[in-house]
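Worksheet: the structure to be examined is printed underneath.
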Protein chains: 2
Amino acid sequence: MNCHTNDFGKEHKKEMRAVQDSMDVLSGKWKIPILSSMCYYNQRRFSDILNDIDGISNRMLSKELKELEINQLVKRKVLDTHPVTVQYQLTEHGKSLKTIINNLTDWGIAHRKVIIGK
Amino acid sequence: MNCHTNDFGKEHKKEMRAVQDSMDVLSGKWKIPILSSMCYYNQRRFSDILNDIDGISNRMLSKELKELEINQLVKRKVLDTHPVTVQYQLTEHGKSLKTIINNLTDWGIAHRKVIIGK
DNA sequence: CAGGATCCTATACGATACTG
DNA sequence: CAGTATCGTATAGGATCCTG
């Protein structure tokens, strides 16, 4: 029995599927930054998120928020004002990404030092 | 001084840039799975990684590995065999992503439970 | 075995304008 | 304010075949 057929290899396959499952939901340029914006404040309006994220268009923000809602990472709350206000916030499931997002923030700072220079 | 001009807001902007820096390097469907494959074993050949990741093509694997090498996350080592063998491994900088990848693995399992059913 | 070359499609993404 | 509609480009990614 070699390393591809034993339990070690099977565990590996399982972990590979899990990490791919995560990426199905989180990959792309904007989802993590959007979630990060909502991590920091726990209520955030559409236009605030639009302002938080450098370079995103309203079209993409709208589209990505919809997908995040479908995947139960954020919830949308419409306030009865004029004109309407919409608040977005992380669900409990969304909050379970906080550690990962904080680590990605720290890693981004470290990475810049490694690449751009010491 | 409102929340957009004080230190709290400035810190937020800084964190937003950091997380976007991370995503510039890591976003896309394949990079995290590729790194995950190399996390588990610490030496991994091209064809092994190809086998680890469900659905990836050799063209994409080749392309993504190059970008990861440019960003100093992996290193490439050619062994003098016939035909050639190529070993990939994480750099020290690449290893600094291990925590994030492990968390993403756990999160993928949890997410499947949330979405598909309890 | 480890890719590169070629060709193709899908979709991610951007810009701008419009609306209740 | 919080989107939608429309249009366009760029790139991500897939399939297949080829090579030292």
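Letters go in sequence order (proteins before strands), and every chain restarts at 1.
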Subject >> N or O in side chain of B/T85 less than 4.0 angstrom from C/dC1 OP1/OP2 >> reply: no

Original post:
Given that A/R59 and A/L65 both sit by DNA chain D, which one's nearest nucleotide is further toward the 5' end?
Top reply: A/L65

Original post:
Taking atom C1' of D/dG3 as reference, at what distance in whole Å does atom CG of A/L79 sit?
Top reply: 15 Å

Subject >> d(CE, B/M60; C1', D/dG13) in whole Å >> reply: 5 Å

**OP:** Select from B/S62 and A/G55 the residue whose nearest nucleotide in DNA chain C is closer to the 5' end of that strand.
**Re:** B/S62

Subject >> A/K77 vs D/dA2: side-chain N/O to OP1/OP2 distance below 4.0 Å >> reply: no

**OP:** May I ask you to say what B/R45 touches in the nucleic acid, namely base, sugar-phosphate or nothing, with a heavy-atom cut-off under 4.0 Å?
**Re:** sugar-phosphate

Original post:
Between B/K66 and B/E69, does a salt bridge (charged side-chain N to carboxylate O under 4.0 Å, His left out) hold up when you go through it step by step?
Top reply: CA-CA 5 Å; B/K66 250 179 219 163; B/E69 210 188 338; over 6 Å; no

Original post:
What is the distance from CD of A/E64 to P of C/dA12, rounded to the nearest Å?
Top reply: 8 Å

Original post:
Which pair of non-hydrogen atoms, one from B/L65 and one from B/V74, has the smallest distance, and what is that distance?
Top reply: O-CG2, 4.0 Å

Original post:
In whole angstroms, how far is the C1' atom of D/dA15 from the CG atom of B/L61?
Top reply: 16 Å

**OP:** Give a yes/no on whether any side-chain N or O of A/S57 is located under 4.0 angstrom from OP1 or OP2 of C/dC13.
**Re:** no

**OP:** Could you pick out which residue, A/Y88 or B/V84, lies toward the 5' side of DNA chain D when each is mapped onto its nearest nucleotide?
**Re:** A/Y88

Original post:
How are the rings of B/Y41 and A/H12 set to each other: parallel, tilted or perpendicular (split at 30° and 60°)?
Top reply: perpendicular

**OP:** Nearest whole angstrom, please: distance from the C1' of D/dG13 to the NZ of B/K66.
**Re:** 16 Å

**OP:** Grab the CD1-P distance between A/I32 and C/dA12 for me, whole Å please.
**Re:** 16 Å

Original post:
Should A/V86 and A/I49 be counted in the same cluster of Ile, Leu, Val, Met, Phe, Trp and Tyr side chains packed under 4.5 Å apart?
Top reply: yes

**OP:** Hey, which sits more toward the 5' end of DNA chain C by its nearest nucleotide, A/G28 or A/P83?
**Re:** A/G28

Original post:
When the distance from NZ of A/K63 to C1' of C/dA12 is rounded to whole Å, what number comes out?
Top reply: 6 Å

Subject >> Whole-Å gap separating P (D/dT19) and NE2 (B/H82) >> reply: 20 Å

Original post:
What pair of heavy atoms forms the shortest contact from B/L61 to B/F46, and how long is it?
Top reply: CD2-O, 3.5 Å

